[in-house]
Amino acid sequence: MRKVKKSISIVMILLASVTMLAGCNSKVIKNEEAFKQVMATVDEHTKEIVPGQAKLTADESAKILFDFQVKSDKSNIIKFGWSDYSYSDKTKQMEKEAFNLGLKSSISSSGLQVSDQQIDGIYDALQNALKKLNETTSIVSKDDNSAQVKIKTTYIDLKGIISKAQQQAIDDVKSSGATSEADLKNKLLDAYIKEIGNDLNNATPSSDTREDTYKFVKKENHWVPENQNEFSKGLSNLAYMQ
């Protein structure tokens, strides 16, 4: 009977953990309202683009936005026309809070507990993985006020990383000496979080690439995505293999 209970527990956690990082669209923002707030912040500052600064081509703008939104690299965001960096820090903080909320809610719904430190560790590991991506941007077509821009990028095989971490976590706890079903669940969750963090930190980008095309429009002499919401979701789809 004890072996049966242990097997059932492992399956339950395995199914629950599949959903832990499944919300990586929009940078793992699972909370829809929080995502709307993030995008509202981006849209607000898009409207506040400073005229008269150095002009960028549409593909250069796309690359800067990819670096910022996917790789959390704000080093060139000032070239995009925003007057300072303060909004970008606010946007990233909101994004992290939404990530933590979504992931914690997913785990809690399975009757498990996870610490803020563990959640932060997964978020930071995910950022480390994404910083390794290599992207290129090119103009497919353009006229005076609009342009079609192709973004081609390597990606992170998130599905493969999750699967590997799940199996390793199961192997790790098989001989853990768990004394109850609850003990087994907690040991398995802790092992999974440790493995997923390690695997993300050590992840290497794909050898092949994914690509998509987005419409940019000219505002105040700067090129911006026509639909910032869809652009952000599209970048996440490119960055992750789920």
Side-chain angles (χ1 to χ4, degrees), residues 24-29 31-99 126-127 130-156 205-206 208-241:
C24 278
N25 282 342
S26 307
K27 214 52 180 304
V28 202
I29 294 176
N31 184 284
E32 186 66 23
E33 191 58 38
F35 177 64
K36 289 179 180 178
Q37 293 178 25
V38 172
M39 296 318 305
T41 302
V42 175
D43 288 340
E44 174 186 350
H45 286 83
T46 298
K47 295 173 183 176
E48 295 175 0
I49 288 173
V50 179
Q53 294 195 2
K55 293 182 180 179
L56 296 170
T57 60
D59 54 325
E60 289 172 336
S61 293
K63 181 171 177 58
I64 289 173
L65 288 177
F66 183 100
D67 286 344
F68 173 63
Q69 293 184 225
V70 176
K71 301 164 73 172
S72 297
D73 177 3
K74 64 179 183 181
S75 59
N76 288 313
I77 199 69
I78 199 75
K79 297 178 183 179
F80 192 67
W82 286 303
S83 57
D84 58 53
Y85 292 117
S86 60
Y87 94 94
S88 61
D89 294 331
K90 176 182 177 183
T91 300
K92 289 300 175 183
Q93 183 59 36
M94 291 172 63
E95 177 187 280
K96 183 174 183 178
E97 290 173 357
F99 172 95
L126 186 60
Q127 305 315 301
L130 292 172
K131 288 175 182 177
K132 302 172 187 176
L133 297 183
N134 294 304
E135 84 281 1
T136 61
T137 58
S138 59
I139 295 176
V140 177
S141 63
K142 70 179 289 291
D143 55 33
D144 290 342
N145 296 307
S146 66
Q148 295 291 328
V149 179
K150 179 189 293 184
I151 298 178
K152 180 185 293 187
T153 181
T154 55
Y155 58 87
I156 298 299
S206 62
D208 59 324
T209 59
R210 308 174 77 187
E211 63 183 55
D212 205 351
T213 301
Y214 303 92
K215 184 177 181 179
F216 275 61
V217 294
K218 187 179 288 186
K219 292 184 178 180
E220 300 292 344
N221 292 323
H222 291 273
W223 292 97
V224 298
E226 182 181 48
N227 187 318
Q228 177 63 52
N229 192 326
E230 292 303 317
F231 178 71
S232 295
K233 290 181 178 181
L235 294 187
S236 293
N237 289 333
L238 289 178
Y240 304 99
M241 176 63 77

If you look at every heavy atom in [X] and [Y], which pair is closest and at what distance?
X	Y	answer
F231	P225	CD2-CG, 3.6 Å
A239	L130	CB-CD2, 4.1 Å
S72	Q127	OG-OE1, 3.1 Å

Please name the residue in the list D59, I139, L65 that meets the side chain to side chain contact (heavy atoms under 4.5 Å, CB included) test with F216.
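By the side chain to side chain contact (heavy atoms under 4.5 Å, CB included) criterion, F216 pairs with just one of D59, I139, L65: L65.
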
I151 backbone acceptor or donor facing R210 side chain under 3.5 Å:
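Not at all, since once roles are kept as given, no pair shorter than 3.5 Å links the two residues.
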
Sub-3.5 Å donor-acceptor pair from the side chain of T154 to the main-chain atoms of L133, do we have one?
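Side chain of T154 to backbone of L133: no pair is present.
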
Polar side chain donor-acceptor pair, Y214 to N227, under 3.5 angstrom
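The criterion, which ignores hydrogens and geometry beyond distance, is not satisfied for N227 and Y214.
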
Side chain to side chain contact (heavy atoms under 4.5 Å, CB included) between V217 and V224, intermediate numbers included:
CA-CA 6 Å; V217 294; V224 298; 4.1 Å; yes

At what distance, to the nearest 0.5 angstrom, does CG of D73 lie from NZ of K63?
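Interatomic distance, D73 CG to K63 NZ, rounded to 0.5 Å: 9.0 Å.
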
With rounding to the nearest 0.5 Å, note down the distance linking CZ in F66 to OG in S232.
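Answer for the CZ-OG pair, F66 versus S232, is 11.5 Å.
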
Could you tell me which residues satisfy salt bridge (Lys or Arg N to Asp or Glu O under 4.0 Å) with K142, sequence neighbours excluded, listed by chain and number?
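K142: no salt bridge (Lys or Arg N to Asp or Glu O under 4.0 Å) contacts found.
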
Taking only residues two or more places apart in sequence, or in another chain, which ones meet D67 in a salt bridge (Lys or Arg N to Asp or Glu O under 4.0 Å)?
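K71.
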
Quick check on K152: does its NZ atom have over 12 non-hydrogen neighbours (other residues, nucleotides or ligands) under 6.0 Å away?
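Not more than 12 within 6.0 Å, no.
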
